**Q** 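Got a structure for you, questions after.
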Amino acid sequence: CHLQHPHVAPVHALSSQFETDIDDRYGDLDSRTDSDISEIPASSDRTPEILKKALSGLSSRWKNWWIRGILTLTMISLFFLIIYMGSFMLMLLVLGIQVKCFHEIITIGYRVYHSYDLPWFRTLSWYFLLCVNYFFYGETVADYFATFVQREEQLQFLIRYHRFISFALYLAGFCMFVLSLVKKHYRLQFYMFAWTHVTLLITVTQSHLVIQNLFEGMIWFLVPISSVICNDITAYLFGFFFGRTPLIKLSPKKTWEGFIGGFFSTVVFGFIAAYVLSKYQYFVCPVEYRSDVNSFVTECEPSELFQLQTYSLPPFLKAVLRQERVSLYPFQIHSIALSTFASLIGPFGGFFASGFKRAFKIKDFANTIPGHGGIMDRFDCQYLMATFVHVYITSFIRGPNPSKVLQQLLVLQPEQQLNIYKTLKTHLIEKGILQPALKV
Amino acid sequence: MFQTPLSAESESEAKVDGETASDSESRAESAPLPVSADDTPEVLNRALSNLSSRWKNWWVRGILTLAMIAFFFIIIYLGPMVLMIIVMCVQIKCFHEIITIGYNVYHSYDLPWFRTLSWYFLLCVNYFFYGETVTDYFFTLVQREEPLRILSKYHRFISFTLYLIGFCMFVLSLVKKHYRLQFYMFGWTHVTLLIVVTQSHLVIHNLFEGMIWFIVPISCVICNDIMAYMFGFFFGRTPLIKLSPKKTWEGFIGGFFATVVFGLLLSYVMSGYRCFVCPVEYNNDTNSFTVDCEPSDLFRLQEYNIPGVIQSVIGWKTVRMYPFQIHSIALSTFASLIGPFGGFFASGFKRAFKIKDFANTIPGHGGIMDRFDCQYLMATFVNVYIASFIRGPNPSKLIQQFLTLRPDQQLHIFNTLRSHLIDKGMLTSATEDE
């Protein structure tokens, strides 16, 4: 790229001083090494004035520490508040975060490629976001709101042909993209198209897995997320006080001491958090939508996972703790697996994001949260976690989603339903779940 | 047919306004990629050596087209198993072609680990998809063998772990000064996987529904290609889209009508044979695929009343058709109207990266991807079409899923189903006691 000087404002497209093909001007699109790339200027600082005034006396380093600390506490309180307000607010929060993350990554793409003025592209990116969300939310709504949906005629139609409608909407966007291809901008447009799709793949699919986990029970949402946050904080603290050996070249501030210390603290934290939360039906029960009260309820008979059981301790632990047996919730054993993943593999999501920031020479994804950067900066480790929890649940905790099975049953032809009914009845009677003397 | 690199003029723009050496080097290297050597077999070259270059081109294309069509028929004759293997090979070749373009664009052939990682991700995603397919269709076989049963029970977890290993290897392989390139190749690989692998699996799903659902859509796309070319050749005047200057409106519309007619005729011919119409099933006893069944309503001749307008033209009152032929009109329409957008997308891609063809595998035609670019949208459309309009969920699959649920969930579903059936009047105490 000609422009070695980073003073060029990224938003306004470069003037066409050259008659050459615009694609050719962006040598940095295909540069071999990162050194050819100019730095992207960061957007302005957004620390609120109040904080600045209150901390004006301190030195710069402590000021930074205090701002980060205050914002951390604010975010944690906000988290508790939303949990208190219930599942519906949590879903809205997840949706809000997803949209903001998408926006942040797309904005970076615009700035990297100076493509803010590409015809149609902003519209198309948001349109694709809408399509993919429509597709995923439609599948979720159909599953969990089956009874609600059966009542409304228009919703029935939308549900029945949901895949076809989503595909048609996506195709419309695809055709618009093809028709919007402009000579001299082809490569840029393809890059932005790919950028959008990869971003959608990362942010939207994972946010939907988060919501699926939420419906399984709020504890499946809270424990993993808190484990990742706890790992972040404790790894930072251990690194601050004991850190000596660098962990990985990508993130020079991370140390092995922080990594291992964070691992053990997170496992302990997860264990305790699981114990505390497993007592309450509010956290433990699957979220259901009740049509009569038109809201979400979490009331049920807690499953075996959340009922105290006594385990015999293995011999070496017996010697240490001097107890024969211990009462645990089985879920706590699962929480060890979750915390282990959060501490050992979760950080790779953070390294990926660090590599990404270095590759595109940005300091933070955005400047939304003073002292912390953008929303994406806070959530980069969470994404791998959400997928892991979802895969874990479907593999080890329960099989397929029961509401989905029911919904598919109701869509079949009446004769097929009757056949299945008879098969199921025989099976249930064999297993002793159903009493044979059942009258219709 | 020898391909010369496009736009040699870009190299003359190399040194402008005192740029540094590295800039001009990257400029010259973003010039078009040299294409690999001509693959036309010697025998063809000799046979056609007397003709002029243009006619030679025409003949080479023609002969290869016929060769590909003949090959297609042979594969169909050989049966579903061979078809699946061919689909898989096409998929791997397309993936390889697109990844090679990525390497050429970014000069990233020597990036540490990257070739290994790309193929590893391809393997992971294929493992995931084939595992899901095998579990669905080979259910009894899988339940018998113990190792297979465990693999299928924890399939998602195993696939996710394999993917994660690749992801962590990628993060660990990030090298200072090459970050951006590595991220680009990572993105490139994933988008390619999304396009190539998911669609090839949708093709296999369509195949299992019945070979006619595989053959008719693919033939419609091929027919549309050929017919649009012919109509354009003989009648073409108005250009269609700037992306592909050779396409014309006359070719587009002529191709549309020709394809619809072709689709109707082809479905009529194929609907008569069981081997095309029946779902492919795996027979445990013979350990092979069988296509034997009672054809569904879609494939039984029915009488339709011709609407008044056409009655006066043709002079018939009713016509006997297979219902599938009506569906084939929808399929052909999609193949002619929307399928070409896949072709335009590929044209735009080739222009963006200044390549003439994806590769040089098929003489006269380019790479495998050049032939299959329109097919991808078609495969997804057919799959969505089948899922939405033809069949609902698979009853035996539902029973399997039911059996894996917890007893209280099973009871809940059973009771809901019972009340639903009673509401609909399908169930009364009399039938209950049967």
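Values in this document were obtained by computation on a predicted structure and should not be read as measured data. Computed from heavy atoms alone, side chains included, the values below leave out hydrogens, waters and symmetry copies. Below, chain A is the first sequence line, B the second, and so on; all start at residue 1.
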**Q** Is B/Phe160 close to chain A through its backbone or its side chain, or both, or neither, when contacts mean heavy atoms under 4.5 Å?
**A** side chain
**Q** What is the distance from atom NZ of A/Lys425 to atom CG of B/Leu417, rounded to the nearest 0.5 Å?
**A** 12.0 Å
**Q** To the nearest 0.5 angstrom, please state how far the CD1 atom of A/Ile345 sits from the OG1 atom of B/Thr161.
**A** 9.5 Å
**Q** Between B/Ser159 and chain A, with a heavy-atom cut-off of 4.5 Å, which part of the residue counts as in contact: side chain, backbone, both or neither?
**A** neither
**Q** Heavy-atom pairs under 4.5 Å with chain B - which of A/Gly349, A/Ala194, A/Gly355, A/Ala168 has more of them than the others?
**A**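 The candidate making the most pairs under 4.5 Å is A/Gly355.
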**Q** Just distance, no hydrogens or angles: give the donor-acceptor pairs under 3.5 Å from side chains in residues 171-178 of chain A, sequence neighbours left out.
**A**
none

**Q** Starting at CZ of A/Phe348, measure out to CG of B/Leu172 and round the result to the nearest 0.5 Å.
**A**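 Between A/Phe348 CZ and B/Leu172 CG, I get 4.5 Å after rounding to 0.5 Å.
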**Q** Tell me, side chain or backbone of B/Phe345 under 4.5 Å from chain A's heavy atoms, or both, or neither?
**A**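 Both the backbone and the side chain of B/Phe345 come within 4.5 Å of chain A.
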**Q** Run the ring-centre check on B/Phe389 versus A/Phe164 and record whether the distance is less than 6.0 Å.
**A** yes
**Q** Can you classify the ring geometry of A/Phe190 versus B/Phe349 as parallel (below 30°), tilted (30 to 60°) or perpendicular (above 60°)?
**A**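 Taking B/Phe349 first and then A/Phe190, their aromatic rings stand perpendicular (interplane angle over 60°).
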**Q** Select, from B/Cys168, B/Ser347, B/Gly187, the one with the greatest count of heavy-atom pairs under 4.5 Å involving chain A.
**A** B/Cys168
**Q** Can you tell me how far CZ of B/Arg156 sits from CD1 of A/Ile393, rounded to the nearest 0.5 angstrom?
**A**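 Here the rounded value is 12.0 Å.
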**Q** Need one label for B/Ile158: side chain, backbone, both or neither, based on atoms under 4.5 Å from any heavy atom in chain A.
**A** neither
**Q** So for A/Thr387, is it side chain, backbone, both, or neither that comes closer than 4.5 Å to the heavy atoms of chain B?
**A**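 Both backbone and side chain of A/Thr387 come within 4.5 Å of chain B.
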**Q** So which part of B/Phe334 gets closer than 4.5 Å to some heavy atom of chain A, the side chain, the backbone, both or neither?
**A** side chain
**Q** Quick one: OH on A/Tyr191 to OH on B/Tyr184, what's the gap to the nearest 0.5 Å?
**A** 6.5 Å
**Q** Does the plane of the ring in B/Phe381 sit parallel, tilted or perpendicular to the ring in A/Phe167? Use 30° and 60° as the thresholds.
**A** tilted
**Q** Step through the shown structure and confirm whether more than 12 heavy atoms of other residues, nucleotides or ligands are within 6.0 Å of NZ on A/Lys357.
**A**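 Result for NZ/A/Lys357: enclosed.
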**Q** Ring centres under 6.0 Å, that's the criterion: do A/Phe396 and B/Tyr154 meet it?
**A**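 A/Phe396 vs B/Tyr154: aromatic centres under 6.0 Å.
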